[in-house]
Amino acid sequence: MASTNGSSSETSSVVSNDEDYDYEYDDDDVKTTAADIPTSITAQSLMWKVEQVDRVFDDPERPMYPNPLSLKPNTPLSWFVDEDDAVAAKVNVLASDTDLEQGIKAEAFTLAGPRFDIAFDPQQCKAAVVTCGGLCPGLNTVVREIVMCLRRQYGVPTTYGIPSGYRGFQDPTTWIDLDETKVRNFHNMGGSFLGSSRGGHDTKAIVDSLEKEGINLLFVTGGDGTVRGAAKVAQEVRARGLEIAVAVIPKTIDNDIPLIDRTFGFESAVNAARQAIDVAVTEAEGFPLGLGVVKVMGRNSGFIAMHSTLGSRVVDLCLVPEVDFYLDGEGGIVDHLTNRLLENGSAIVVVAEGAGQDLMASVGAAQGDVITDASGNVLLDDVGPWLVGQLKPRLNEKLKGKTPYDDEVTVKYVDPSYMVRGIPPTTSDNLFCTQLAHNAVHGAMAGLTSFLVGSVNTRECYLPIDLVANKQNVIDTNHQSMWEYVVFDTQQPSFAMQEDCRGENDVIVSASGGVIVGTDDECPI
């Protein structure tokens, strides 16, 4: 069984398909110690507040190893990341601002990528990867690329796939030994080869299995609930003094992980939603006063609805969880759709699954008691059929006698639902998954732990798990982001929105138009 500390003084051979990587570590290779590498950029920086990422090893005299990638001939040193490389959280500034204090202690994140020195002897490593929560395009690509990067770039001999989410840790006899042959075609598959589940998280049992099986590199991919679970695992690992790196690759088609540009699978889901909108357009334009209603996923965050609306260029009304709407009266959606139907002969509505929940409750259409699934997610009332039922009679009344043949509204309801998440990833998402997976491996091999890898301002970074756990990414409706494009482009009513009392300097808006909210905010939206 492999050692869990990777610090053996014995010579070990790193095997690789690339003959350039056939070499052995000896005492002359291990020249760097952990003390030579800064453990906290924050303490050294006068201008930036770089969010510190935990490290597996606390011993400053612990030997470090040369990265196998650095031994490949003709590899430029510039391909490796220095410990003080960071990415600014905010790239927009007020050019006329002369207050230098605004630039001091500005937030930044550790830049992801391969380090010149690594903390583990690759040949003494065992890795495990698990997929949790709902399915998402790109899950299999992430698993594939973790295996490929570990094996091809570092020579790590063993990577286990944990079946069925967190619960799979409890029975190591079911773990799947993943090699290059097994994962070769994963990137062309939808779903999850390893399988997934909700719930089943037992922190003690998970860490017991990791310790018993000699795992020292753990890669977890999942959404907000999975991130919280990974944080608990990392805390338990540290409490026991185990030398195990815990890395998270965030996954959610809802794009509701805060601070990062987007999550993998989101773009694939938006493309699938766009296809559903195209179907609704065809159906709506085939009948007089045709109304196409498309319900897409988005429990608490309406990013799929917003992005597919803007990408399709044909939507007349977009409803998201972040913005309350009303049906009747001046500025209501019925008047807006009435005008659209009279002007164009058809109209298209895109609604996120989490939209209108308070409105449904106020009119007595809600299910009553709050019900949650195994992950703790509140089960939503079905807004799609309810919205159709509310709109059709109201629109018929508004339109009566206003068309030559006195037509009634013909509603075509499209619910792509799981079709947007069970598909293989797009080429762009495959590339994004590759970048995230490889950078997760680079970070773990460098001895970083309890971190999440994500893109910030188009550059991959390492973020402390605690920075994003128990927080959400929601559409920013208060600052210049993307929601104003929806309102201006569709000409839909700009409903009153809850004001964000945070100042511009306190808000970080993501590239996809999101802003962070959480239970511990002094002024949550």
Side-chain angles (χ1 to χ4, degrees), residues 130-145 163-166 186-199 220-227 248-257 260-280 294-309 311-312 320-321 350-355 373-380 382-384 413-433 436-437 454 472-475 512 514:
V130 64
T131 59
C132 305
L135 298 181
C136 174
L139 277 172
N140 291 318
T141 303
V142 168
V143 173
R144 178 189 193 273
E145 294 308 319
S164 304
Y166 277 132
F186 272 21
H187 59 294
N188 293 317
M189 299 164 50
S192 172
F193 173 84
L194 297 178
S196 187
S197 65
R198 297 193 183 277
V220 179
T221 180
D224 52 352
T226 303
V227 171
V248 175
I249 303 95
K251 169 247 20 158
T252 161
I253 61 170
D254 287 354
N255 195 44
D256 57 3
I257 300 296
I260 59 179
D261 292 344
R262 74 180 195 273
T263 49
F264 77 81
F266 170 66
E267 185 173 298
S268 299
V270 169
N271 285 343
R274 159 74 188 276
Q275 294 174 12
I277 293 172
D278 290 343
V279 170
V294 182
K295 186 186 80 171
V296 297
M297 287 188 165
R299 299 177 54 83
N300 302 301
S301 305
F303 289 101
I304 294 179
M306 179 173 73
H307 282 252
S308 60
T309 289
S312 68
V320 296
V350 173
V351 56
E353 62 178 325
D373 62 18
S375 295
N377 299 313
V378 176
L379 298 182
L380 302 173
D382 198 345
V383 67
Y413 178 58
V414 180
D415 183 358
S417 192
Y418 296 100
M419 291 178 63
V420 307
R421 76 177 196 183
I423 58 174
T426 62
T427 300
S428 176
D429 254 337
N430 259 333
L431 172 58
F432 190 42
C433 289
L436 295 175
Q472 286 185 324
N473 185 43
V474 299
I475 293 175
S512 56

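Keep in mind it's a predicted model, so treat the numbers as computed, not measured.
For residues 269-278, the pairs satisfying salt bridge (Lys or Arg N to Asp or Glu O under 4.0 Å) are Arg274-Asp278, with sequence neighbours left out.
Side-chain atoms of Lys295 never come within 3.5 Å of backbone atoms of Tyr413 as a donor-acceptor pair (strictly under, hydrogens ignored). A distance-only check finds a donor-acceptor pair linking the side chain of Asn140 to the backbone of Gly191 [under 3.5 Å]. At distances below 3.5 Å, at least one donor-acceptor pair connects side-chain atoms of His307 with backbone N or O atoms of Ser512. Asn300 places no side-chain N or O within 3.5 Å of a backbone atom of Pro321 that could act as its donor or acceptor partner. Side-chain N or O atoms of Glu353 include one that pairs as donor or acceptor with a backbone N or O of Gly298 at under 3.5 Å. For the pair Ser312 (side chain) and Thr309 (backbone), a donor-acceptor distance under 3.5 Å is present. Proximity of a side-chain donor or acceptor of Asp429 to a complementary backbone N or O of Ser268 within less than 3.5 Å is detected.
One side chain, Asn430 or Thr141, offers a donor N or O that lies under 3.5 Å from an acceptor on the other. A donor and an acceptor atom, one from each side chain of Thr426 and Asn271, are nowhere located under 3.5 Å apart.
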Go through the steps to decide whether Val248 and Thr226 satisfy the test side chain to side chain contact (heavy atoms under 4.5 Å, CB included), and finish with yes or no. CA-CA 9 Å; Val248 175; Thr226 303; 5.9 Å; no

Could you walk me through whether Asn473 and Ile257 pass side chain to side chain contact (heavy atoms under 4.5 Å, CB included), step by step? CA-CA 5 Å; Asn473 185 43; Ile257 300 296; 5.6 Å; no

Under the criterion side chain to side chain contact (heavy atoms under 4.5 Å, CB included), I'd like the reasoning laid out for Phe193 against Leu139: C-alpha separation, chi angles, the key distance, then a yes or no. CA-CA 8 Å; Phe193 173 84; Leu139 277 172; over 6 Å; no

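When all heavy atoms of Val294 and Ala280 are compared, the closest pair comes out as CG2-CB, 3.5 Å. Here the closest non-hydrogen pair linking Val142 and Ala437 is O-CB, 3.7 Å. Closest approach of Val351 to Ala355, counting heavy atoms only: CG2-CB, 3.9 Å. In plain terms, the two heavy atoms of Gly222 and Val227 that are nearest each other are O-CG2, 4.4 Å. Pairing each heavy atom of Gly454 with each of Ile260, the nearest pair is CA-CG2, 3.8 Å.
Annotation: ring pair (Phe, Tyr, Trp, His ring centres under 6.0 Å) contacts of Tyr166 (sequence neighbours excluded): His201. Evaluation of the salt bridge (Lys or Arg N to Asp or Glu O under 4.0 Å) rule for Arg262 yields no partner, not counting sequence neighbours. With sequence neighbours left out, Tyr418 forms a side-chain contact (heavy atoms from CB on, under 4.5 Å) with Met297, Arg421. Partners of Ala269 under the side-chain contact (heavy atoms from CB on, under 4.5 Å) rule, at least two apart in sequence or in another chain, are Ile253, Ile304, Val420. Partners of Ser164 by side-chain contact (heavy atoms from CB on, under 4.5 Å), not counting sequence neighbours, listed by chain and number: Arg167.
In this structure, the side chains of Ser196 and Leu194 stay at 4.5 Å or more apart for every pair of heavy atoms. Side-chain atoms of Phe303 and Asp254, non-hydrogen and from C-beta on, never get closer than 4.5 Å to each other. Side-chain contact between Thr221 and Thr131 is present, with heavy atoms from C-beta onward closer than 4.5 Å.
Atom SG of Cys433 sits about 13.5 Å away from atom CZ of Phe186, to the nearest 0.5 Å. Atom-to-atom distance recorded for His187:NE2 and Leu431:CG is 12.5 Å, nearest 0.5 angstrom. Between Ile423 atom CD1 and Gln275 atom CD the span is 7.0 Å, to the nearest 0.5 Å. For the atom pair OG1 of Thr252 and CZ of Phe264, the computed distance is 9.5 Å after rounding to the nearest 0.5 Å.
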